[in-house]
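Everything quoted here is computed from the prediction, not taken from an experiment.
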Protein chains: 2
Amino acid sequence: MVTTSATSSDLYRTDCAARQILDRVGDRWTVLIIGVLSDGSARFSQLRRRIEGISQKMLTQTLRGLERDGLVHRTVFPEVPVRVEYELTQMGRTLEEPLRALQRWALENEDRIEEAHATYDHRAQ
Amino acid sequence: MVTTSATSSDLYRTDCAARQILDRVGDRWTVLIIGVLSDGSARFSQLRRRIEGISQKMLTQTLRGLERDGLVHRTVFPEVPVRVEYELTQMGRTLEEPLRALQRWALENEDRIEEAHATYDHRAQ
DNA sequence: CGGAATCCAACAGGATACTG
DNA sequence: CAGTATCCTGTTGGATTCCG
C-alpha cells in the first residue's frame, strides 16, 4: 500500500477512507451512543433505554460497527442471564471532544436555526 | 421539569430540535459542502466538480436545506447564462471549526481504524 | 438479557429528460 | 448554467419472531 498520508483535500474523493469514517462517525446513532458512553460503561438495555427511539436492531448494528472501528469495547459476563457491558476505548475517548463540540453547537444554535426556518418558509410562502 | 433552554441530556429525546440539527449537520454531504465553502464562495458547478460523487439532485437538495437553516447564502446573478454563488453565512462559519475538528480526527485516526478493522475481521474470520 | 434472522415498508438518492 | 420534475431502484431501518 502506498502510504501517502491523507490530506484534507482527499476528503472530497469517493474512495477516501477518512470520508467513510466521517460517514460513520457523524451518524445519528453513533453520536448518541458515544454520548451515553461518555458517562461511563453501560449495558445493552441501559443504552436502549437512554436513547429514545433506537430500535434493538440499530443499537446492535451501530455497536458492532463501533466495536469494529475500535471505538467501543464489549465485555461479556457469562452470568445467567448474561450481562454485556460496553465502554469507550482509548481511541473512542478521543472522539468525545469533537462530538461534544458539535452537540454544543447544535444546542447553542437551535433557536437561530428555527428563526431561519421561519424566515425561509415565510418568504417561499 | 419545564425548562426552556435545552440541556445536553435532551439530545436523547426523539423530539429534541438539537438532535434533528445534528442529523442534518452530521450529514455526509453537508460536511463536504461546508468544507468547500470554507475556502470561499463557490458556484453550483464548482461545488459539483469539487465534491466527487455528489449527484446534482443531492447537491441542490442539501444546499436548499443549508439555506433554510441559515447556514448558507445563495446569490443569483441575473446574467446570461445565470450565475449562482453560494457562501457561508455568519452562523455557517461558526460551524466550520467543529466540523474541521471532526475531519481532523478522521484523518488522524484513519490508520488506527483500519488496523482495528483488520483485527476485528480476523478474529471473526 | 442480549442478541440473530427474516420480512417488509418507507425513504434516500441516482438517472434521465426538460426548462427559464 | 442552474436548476425542476419524474421515475425507479437500492438501502435503511422498524416490527416480529426465535435462540443461547
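- DNA chain C lies under 4.0 Å from at least one heavy atom of each of the following residues of residues 62-86 of chain B: B:Val82.
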Tabulate atom names and distances for all N/O pairs under 3.5 angstrom spanning the protein and nucleotides 12-14 of chain C.
unit_1	atom_1	unit_2	atom_2	d
C:dG13	N7	B:Lys57	NZ	2.9
C:dG14	OP2	B:Ser55	OG	2.4
C:dG14	O6	B:Lys57	NZ	2.4

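- Using a distance-only test at 3.5 Å, with no hydrogens or angles considered, no donor-acceptor pair links the side chain of B:Arg74 to the main chain of B:Glu85.
- Without hydrogens or angle criteria, A:Thr60 side chain to A:Gln56 main chain gives a donor-acceptor distance under 3.5 Å.
- OP1 or OP2 of C:dG2 has at least one side-chain nitrogen or oxygen of A:Ser45 nearer than 4.0 Å.
- Atom-to-atom, CG of A:Leu47 to C1' of C:dC1 comes out at 13 Å; the value is rounded to the nearest Å.
- Screening B:Val31, B:Ile34, B:Thr89 for a side chain to side chain contact (heavy atoms under 4.5 Å, CB included) with B:Leu95, the sole residue that qualifies is B:Ile34.
- Formation of a donor-acceptor pair under 3.5 Å by the B:Asp69 side chain with backbone atoms of B:Leu71 is not found in this model.
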Derivation of the side chain to side chain contact (heavy atoms under 4.5 Å, CB included) call for B:Val82 and B:Phe77
CA-CA 6 Å; B:Val82 72; B:Phe77 297 90; 5.9 Å; no
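- Of the possible polar contacts, one joining the B:Thr30 side chain to the B:Arg24 backbone as a donor-acceptor pair under 3.5 Å is found.
- We find that CG of B:Asp23 is positioned 14 Å from C1' of D:dT12, with the value rounded to whole Å.
- Computed from coordinates, the A:Phe44 CZ to D:dG20 C1' distance equals 15 Å when rounded to whole Å.
- Side chain of A:Gln46 to main chain of A:Arg43: a donor-acceptor pair is present (N/O by atom type, distance under 3.5 Å, no hydrogens or angles).
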Where do B:Leu59 and B:Leu63 land on the side chain to side chain contact (heavy atoms under 4.5 Å, CB included) test, with the steps shown first?
CA-CA 6 Å; B:Leu59 181 53; B:Leu63 284 170; 3.8 Å; yes
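- Overall bending of the helix from C:dC1-D:dG20 to C:dG20-D:dC1, expressed as the angle between end axes built from five pairs apiece, is 50° (10° steps).
- Between the A:Thr94 side chain and the A:Met91 main chain, a donor and an acceptor come within less than 3.5 Å of each other.
- A side chain to side chain contact (heavy atoms under 4.5 Å, CB included) with A:Trp105 holds for exactly one of B:Val25, B:Leu99, B:Leu22; it is B:Val25.
- Here the side chain of A:Glu115 pairs no donor or acceptor atom with the backbone of A:Arg112 at under 3.5 angstrom.
- For the pair A:Arg48 CZ and D:dG13 P, the computed distance is 15 Å after rounding to whole Å.
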